[in-house]
Amino acid sequence: MTPTLFEIRHSASHVLAQAVLAMFPDAKLGIGPAIDDGFYYDFDLPRTLTPDDLAELESKMASIIAEGQEFSTYTLDRSATETHLAHENQPYKLEIVNDLNLDTYSFYKNGPFVDLCRGPHVRTTADIGAIKLLRVSGAYWRGSEKNKMLQRIYGTAYHTQGELDAYLTRIEEAAKRDHRVLGKELDLFSIQDDIGPGLILWHPKGARVRSIIEDYWRNAHFRAGYDVLYTPHVGRSNLWETSGHLSFYSENMYAKMSVDDVDYYAKPMNCPFHVKIVQNRQYSYRDLPLRLAELGTVYRYERSGVLHGLMRVRGFTQDDAHIVCTPDQVESEIADVLTLCFSMLDRFGFNKVKVFLSTRPKEKYVGDLDRWATSETALKNAIESAGLPYEIDDGGGAFYGPKIDIKIEDAIGRQWQCSTVQFDFNLPERFDMTYVGPDGQRHRPYMIHRALLGSIERFFGILIEHYEGKFPTWLAPVQIKLLSVGQDVVPFSREIQRRLLEQDIRVVVDSSDEKIGYKIRQGLNERVPYLGVIGKREIEAGTISVRGRDGDLGPLNVEQVVDLIRKA
RNA sequence: GCCGAUGUAGCUCAGUCGGUAGAGCAACUGAUUCGUAAUCAGUAGGUCACCGGUUCAAUUCCGGUCAUCGGCUCCA
């Protein structure tokens, strides 16, 4: 029987604990599970670990594995378990025993090491295969900041050294795509101390890509029947009191600013502004649905330790929209949102998606059960009629409504959640939104909050990593770079540039005094989709020698280049 | 925020067991006018993140601050 990766990794974590105990006999053990791509074990140790310790632990583990210690299991009743763990002086394990509250507990033993454990394990440590300790970090006991911080050692294990090496290579490949590295290298954006952590400066090339994304986004929304809004970055405290943000979201909001003795807050969300636009006049059922979209920049306080490049920031732009509709319209509106969503994700190169439906929380929720049922059914039907596989997170919805989250898969198989479609039963109540129905009475509309790309900043980061900086031609900040061979042809190159610019082609000229090989190299490093070499030969023929990402395309005239780039 | 690591030229990094620093690339100047992944030479460029302490002397040692990086969900 080949052991599973889970068994291998879980067993490896025991071996790690064994090695740690050999090094620190007083170590207190936390938990040591197998995880998605490896394993970890948490320890309470007399001193902090260094990278050198990892190397030592790793070789200690290797020798334990080489010994081929057999795993065996036995159970003890609760009191025997407690006596044993108290004798071993393992307070964290005792806490686990207490929490699990069982009659009997199982133990696994290999060589001198015994651990309270559910199992299963491999037959002997020799079955563990190849291991590697990756890093050491702090982790709160049971994930709570109120508890003591333990030292967590992460590692991974595979059946063979070859598989382990392949994993490590994948990590290196992913590192090469890091949007923070490429963002600097390609001069797309920066984050600077003088501006503030988590605040993004979009440089010309990044801003160009963003403007293309936004143009596409706006047009797609107009075509789908949306209207576009702009709203301010700050709003009075009254607004946030009414919306409830000051009571349930204040820890994520920037501190208030006072102007003329009135308090204002930077917006953490766009919703209240959109609601106020809707309320600025009275709508009848004939006017619905309203589809109001905004590329709205919001500011949220994120704890300093969680900021990460473009992925987790303090100021970002949501591609936000709110749909206000009647009960009858809910289902088709949701279906249309999904259609727009998938076509947009597809346009950006993401065609593998996963859908997650989150339903009403068991305890805390607002809105009557009727609305929850209607909405959950609408979400479910929309997913099913789109023919998509999905998972249900029962009780995983927000307190204000059920939602769909959509995850996309990037070029190296990583998943990212960008799109979200959420019902909101809270704000219509708080703001007392109404529309006049056919009966002449006021009715409460349904409000659907949705974002397709999520945050433009984050989505840009995902795009950079997905394409490894090699944006498809329609998104590339520079679509073609003209490389002159010698100074004599610079005027001709400028003329070609002018003609391409007239056709809305994003084109630059490298007229530097360098050899053509050097310019090619530069162009490739900049990940420009097309390079056009212009020398005496081209002047005579009136062409450009074009080189695409997949190789030489030969001599083309201006019209052919325009055609090539427009079709790409 | 917490744990750990890191912060030296625009970038990537070396270095100083305490005596104010160096390379490659980039930039600039000059030469070269070149045909598909790096032409040659020269010049310039640093408060060694910031603030404080110890010391005759701190980039180096100590403390603090700021920022960045890896983690802080995966339940015996």
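Since the structure is predicted, the reported quantities are computational estimates derived from the model, not experimental observations.
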Applying the Watson-Crick and G-U wobble criteria at under 3.5 Å, what pairs with [N]? Answer none if nothing qualifies.
{"N": "B:rC11", "result": "B:rG24"}
{"N": "B:rG70", "result": "B:rC3"}
{"N": "B:rA38", "result": "none"}
{"N": "B:rU59", "result": "none"}
{"N": "B:rU65", "result": "B:rA49"}

Listed by chain and number, what are the salt bridge (Lys or Arg N to Asp or Glu O under 4.0 Å) partners of A:D127, not counting sequence neighbours? none
Measure from [atom1] on [X] to [atom2] on [N] and round the result to the nearest Å.
{"X": "A:D488", "N": "B:rG35", "atom1": "CG", "atom2": "C1'", "answer": "14 Å"}
{"X": "A:Y518", "N": "B:rA27", "atom1": "OH", "atom2": "C1'", "answer": "10 Å"}
{"X": "A:I191", "N": "B:rA49", "atom1": "CD1", "atom2": "P", "answer": "21 Å"}
{"X": "A:E302", "N": "B:rC72", "atom1": "CD", "atom2": "P", "answer": "16 Å"}
{"X": "A:R549", "N": "B:rA37", "atom1": "CZ", "atom2": "P", "answer": "17 Å"}
{"X": "A:R314", "N": "B:rG1", "atom1": "CZ", "atom2": "P", "answer": "7 Å"}
{"X": "A:E526", "N": "B:rA37", "atom1": "CD", "atom2": "P", "answer": "16 Å"}
{"X": "A:M311", "N": "B:rC69", "atom1": "CE", "atom2": "P", "answer": "12 Å"}

At under 4.0 Å, does any side-chain N or O of [X] touch on OP1 or OP2 of [N]?
{"X": "A:H308", "N": "B:rG71", "value": "no"}
{"X": "A:R180", "N": "B:rG70", "value": "yes"}
{"X": "A:R135", "N": "B:rG4", "value": "no"}
{"X": "A:Y154", "N": "B:rC72", "value": "yes"}
{"X": "A:K184", "N": "B:rU12", "value": "yes"}

If you round to the nearest 0.5 Å, how far is CZ of A:R180 from NE2 of A:H308? 4.0 Å
Closest to the [X] side chain: [options]?
{"X": "A:I520", "options": "B:rG70, B:rA37, B:rC72", "value": "B:rA37"}
{"X": "A:Y140", "options": "B:rU36, B:rG1, B:rC11", "value": "B:rG1"}
{"X": "A:R303", "options": "B:rU36, B:rC74, B:rG1", "value": "B:rG1"}
{"X": "A:K515", "options": "B:rG71, B:rC34, B:rC75", "value": "B:rC34"}
{"X": "A:Q487", "options": "B:rU36, B:rG4, B:rU33", "value": "B:rU33"}
{"X": "A:M149", "options": "B:rC72, B:rG35, B:rC3", "value": "B:rC3"}
{"X": "A:N525", "options": "B:rA37, B:rG35, B:rU12", "value": "B:rA37"}
{"X": "A:T48", "options": "B:rG1, B:rC34, B:rG4", "value": "B:rG4"}
{"X": "A:R118", "options": "B:rC75, B:rG1, B:rG35", "value": "B:rC75"}
{"X": "A:L524", "options": "B:rC75, B:rA37, B:rC74", "value": "B:rA37"}

Across the strands shown, which category fits [X] at heavy-atom distances under 4.0 angstrom: base, sugar-phosphate, nothing?
{"X": "A:T50", "result": "nothing"}
{"X": "A:P197", "result": "sugar-phosphate"}
{"X": "A:Y105", "result": "base"}
{"X": "A:V97", "result": "nothing"}
{"X": "A:Q151", "result": "nothing"}
{"X": "A:I35", "result": "base"}

Whichever of A:D193 and A:L49 has the more 5' nearest nucleotide on RNA chain B, that residue is A:L49
Go nucleotide by nucleotide along RNA chain B from the 5' end; which of A:G305 and A:G535 gets its closest nucleotide reached first? A:G305
Stepwise, does the ring-ring contact (aromatic ring centres under 6.0 Å, His included) test hold for A:Y254 with A:Y301? CA-CA 6 Å; A:Y254 271 71; A:Y301 172 75; 7.1 Å; no
Pairwise [atom1] distance, [M] and [N] [rounded to whole Å]:
{"N": "B:rG1", "M": "B:rA38", "atom1": "P", "result": "47 Å"}
{"N": "B:rG7", "M": "B:rG24", "atom1": "P", "result": "22 Å"}
{"N": "B:rC50", "M": "B:rA9", "atom1": "P", "result": "10 Å"}
{"N": "B:rU65", "M": "B:rC3", "atom1": "P", "result": "11 Å"}
{"N": "B:rU60", "M": "B:rU16", "atom1": "P", "result": "14 Å"}
{"N": "B:rU12", "M": "B:rA26", "atom1": "C1'", "result": "11 Å"}
{"N": "B:rA5", "M": "B:rC74", "atom1": "P", "result": "24 Å"}
{"N": "B:rG22", "M": "B:rU54", "atom1": "C1'", "result": "29 Å"}

Over 60° means perpendicular and under 30° means parallel, so tell me whether [X] and [Y] are parallel, tilted or perpendicular.
{"X": "A:H14", "Y": "A:Y108", "result": "perpendicular"}
{"X": "A:F460", "Y": "A:W202", "result": "parallel"}
{"X": "A:F399", "Y": "A:F248", "result": "perpendicular"}

Is the shortest distance from a Lys or Arg side-chain nitrogen in A:R47 or A:D53 to a carboxylate oxygen in the other one below 4.0 Å? yes
Step-by-step ring-ring contact (aromatic ring centres under 6.0 Å, His included) determination, A:Y41 to A:F39: CA-CA 7 Å; A:Y41 212 119; A:F39 62 88; 9.0 Å; no
So, under a plain 3.5 Å distance rule, would you say the side chain of A:E538 forms a donor-acceptor pair with the base of B:rG35? yes
Do A:K519 and A:S484 have a side chain donor and acceptor closer than 3.5 Å? yes
